[in-house]
Amino acid sequence: MTNLSPLQIERLKYQPKLPASLANGISSLNLIEGSATEAVANKEDIKTLFKNTYGKPMVTFQTSTESVVCEQKNVGVILSGGQAPGGHNVIAGLYDALKQANPENKLYGFLGGPSGIIEGKYVEFNDKFINDYRNTGGFDIIGSGRTKLETEEQFQSSWEVCKKLGISAVVIIGGDDSNTNAALLAEWFVAHNAGIQVIGCPKTIDGDLKNEQIEISFGFDTATKTYAELIGNIERDANSAKKYWHFIKIMGRSASHVALEASLQTQPNITLISEEVEQKNMSLSSIIDYISDIVVRRSEIGKNFGIAVIPEGLIEFIPELKSMIANLNDIMSTLEKDSKYTSGSDSEKISIIENTLSSENASVFKSLPALIKSQLLMDRDPHGNVQVSKIETEKLLISMVEEKLAKLKKEGKYSGKFSTQSHFFGYEGRCAFPSNFDADYCYSLGFNAFALINFGLTGYLSSVRNLTETAKEWIAGGVPLTMMMNMERRHGEMKPVIKKALVELDGPVFKKLELNREDWAMNDRYLFPGAIQYFGPASVCDITTITLALENSTKLASV
């Protein structure tokens with residue numbers, strides 16, 4: 001690599017830390033098995049679909065005094081789905097463990113995501129290749145993609161490619177849908193006696209791929225700190241100019257973990273949480289009333305400015321919109337095959353949609369601004385769902401709050417000014433240089449993935465936990481992928497998928513927001529986290545997220 005910035009040069013030198021068990025060497029491990037596991041829901045359906053990989057035990061690694069024999073193994077690795085800081089370090093950890101076990105081992109990277117293993121597009125890694133990407137952000141080492149692995153033809157093609165390269169294990173680095181791919185591929189390989197293992201690694205900045213054994217997905221730490229820096233900068237500007245309300249939408253496809261964590265780090269005036277909206281059955285109008293009330297009350301004390309943080313997936317949690325979108329997702333799978341619809345203009349498409357939706361959902365759809373209607377009809381994601389990141393929810397809320405305030409002004413109940421700025425923070429955080437935490441965590445996940453391979457396991461997710469302690473005290477192991485699965489509707493059919501972990505409204509993280517919400521609404525308690533710190537006192541540069549700290553302190557208190 002050429003033309004490196006000073007920070008790039010320094011980050012390439014950073015040496016990631018490992019849990020003590022892994023740091024003692026890949027050949028000095030002992031595998032400890034726990035009890036058998038079962039799916040989180042729809043147990044019989046999942047068991048039927050995964051006859052060969054269901055019910056496996058959780059495992060952990062401990063240091064062994066006996067050396068484990070490391071036979072030669074060639075491994076393929078795939079980056080799948082959206083980018084998350086630290087993916088390169090997962091590959092670096094996998095590579096280092098693989099070479100440490102046996103210098104003859106080879107690591108192949110499949111290009112462009114899952115399609116790479118289907119089409120046989122790959123590169124072979126060597127020291128120079130890997131060293132250029134250590135501790136860097138992005139997925140550009142091999143690229144990523146969103147191809148689903150689900151058909152017999154895809155599985156067969158993947159097997160043929162693996163046989164050609166002598167690959168005996170595949171590591172899929174991805175989120176819940178990508179690791180559902182991993183579970184399906186693992187099951188197919190076992191069912192066909194392919195002799196190829198499949199291991200997953202938990203990636204997503206959304207923070208919704210977690211359970212007791214997967215405390216957090218990688219990338220969440222870096223992304224939330226990056227967004228918090230940006231929000232803090234805007235808060236400082238708002239508090240300086242004192243004339244704008246900033247509506248900030250933050251990435252997070254379904255769960256609100258990112259918005260919640262970023263808000264705890266910055267303490268804005270308004271934070272909407274999708275899961276709360278759904279639980280309280282808050283209509284769109286009630287959300288507008290809530291925001292407008294704070295705007296009015298702040299204006300009465302001379303504060304015609306503020307910060308509102310909005311989770312990306314909010315629109316799917318508002319009851320009347322959730323029902324309408326679910327109806328829309330179902331009918332779109334049919335309409336996209338209808339030439340009359342596909343060849344129509346935007347206005348014609350909208351008319352067809354309004355006449356196809358149920359009467360109640362059609363009424364909701366008609367009430368939306370034309371801009372939002374058009375965005376709802378954009379191309380679906382690979383699972384047949386609306387792409388919520390393309391729906392400008394922040395602008396929808398601004399428009400509706402403006403209408404509400406205009407009405408209140410006519411009634412003599414509001415005399416302030418409401419000037420706004422809208423923002424969407426998404427791509428700014430997905431490829432940032434990984435924080436020290438993510439650099440260490442990702443390297444450990446990759447190193448641990450090969451340990452699972454070396455013990456002959458398949459259908460597992462690489463697990464490193466006890467993450468609020470120093471890295472040497474982290475616990476390495478594996479979680480069966482089927483343990484995290486349930487059945488959900490996709491493209492109008494029930495499919496096995498890894499269940500998303502949403503914000504727990506009775507958990508300590510949300511409770512902290514809830515406790516402070518009114519104070520932060522009226523008083524400017526803004527925090528300015530600044531840039532992620534890579535160097536300096538450990539109390540600054542290695543501090544964990546508030547989410548992880550609160551969740552783990554609660555676990556310890558209950559023991």
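Below, all heavy atoms of this structure are taken into account, side chains as well, without hydrogens, waters or symmetry copies.
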Aromatic ring proximity, centroids under 6.0 angstrom, F218 and Y441: no
Neighbour count >12 (heavy atoms, 6.0 Å) for atom CZ, F528: yes
Criterion salt bridge (Lys or Arg N to Asp or Glu O under 4.0 Å) on E514 and R517, from CA distance to verdict: CA-CA 5 Å; E514 191 175 47; R517 183 175 265 165; 5.5 Å; no
Evaluation steps, side-chain contact (heavy atoms from CB on, under 4.5 Å), between V509 and I546: CA-CA 8 Å; V509 188; I546 295 171; 5.6 Å; no
E275 side chain vs V503 backbone, donor-acceptor pair below 3.5 Å: yes
K13/E10 ion pair, N-O < 4.0 Å: yes
Whether R525 side chain and N516 backbone form a donor-acceptor pair below 3.5 Å: no
Where at least one partner belongs to residues 90-119, residue pairs that pass salt bridge (Lys or Arg N to Asp or Glu O under 4.0 Å), sequence neighbours excluded: D96-R134, E119-K121
Pair E261, T547: side-chain N/O donor-acceptor within cut-off below 3.5 Å: yes
Parallel, tilted or perpendicular, as decided by the 30° and 60° cut-offs, for the rings of H423 and F425: tilted
Test side-chain contact (heavy atoms from CB on, under 4.5 Å) applied to N105 and V75, step by step: CA-CA 8 Å; N105 288 345; V75 178; over 6 Å; no
Spacing of NE2 belonging to H257 relative to CG belonging to D206, to within rounding of 0.5 Å: 8.5 Å
Pair W520-N269, side-chain contact (heavy atoms from CB on, under 4.5 Å): steps then yes or no: CA-CA 5 Å; W520 295 354; N269 306 106; 5.9 Å; no
Trace of the side-chain contact (heavy atoms from CB on, under 4.5 Å) decision for I250 with I248: CA-CA 6 Å; I250 302 186; I248 305 170; 4.1 Å; yes
CA sep, side-chain torsions, deciding dist, call: D127, Y95, side chain to side chain donor-acceptor pair (under 3.5 Å): CA-CA 9 Å; D127 291 353; Y95 178 84; 2.4 Å; yes
W474 six-ring centre to K472 NZ/CZ under 6.0 Å and within 45° of normal: no
Distance-only side-chain donor-acceptor flag, T53 / E187, under 3.5 Å: yes
I475 atom CD1: more than 12 heavy-atom contacts under 6.0 Å: yes
cation_pi(R11, F433) dist<6.0 Å, angle<=45: no
Full working for side chain to side chain donor-acceptor pair (under 3.5 Å) between T468 and T544: CA-CA 7 Å; T468 51; T544 188; over 6 Å; no
Nearest atoms (heavy-atom pairs only) where L209 meets G174: CD2-O, 3.9 Å
Heavy-atom pair with the smallest gap, counting every atom of T266 and A228: CG2-O, 3.3 Å
Over all atoms of both residues, closest heavy-atom pair of M251 and V258: O-CB, 3.4 Å
Pair listing, salt bridge (Lys or Arg N to Asp or Glu O under 4.0 Å) test, anchored in residues 434-445, at least two apart: K17-D440
Near-ring test Y14/Y534, centroid separation under 6.0 angstrom: no
S422 and E394: side chain donor to acceptor below 3.5 Å: no
Side-chain H-bond candidate by donor/acceptor type, S256 with S274, under 3.5 Å: yes
Residues R465, E473; criterion salt bridge (Lys or Arg N to Asp or Glu O under 4.0 Å); working and verdict: CA-CA 9 Å; R465 54 192 174 89; E473 298 176 84; over 6 Å; no
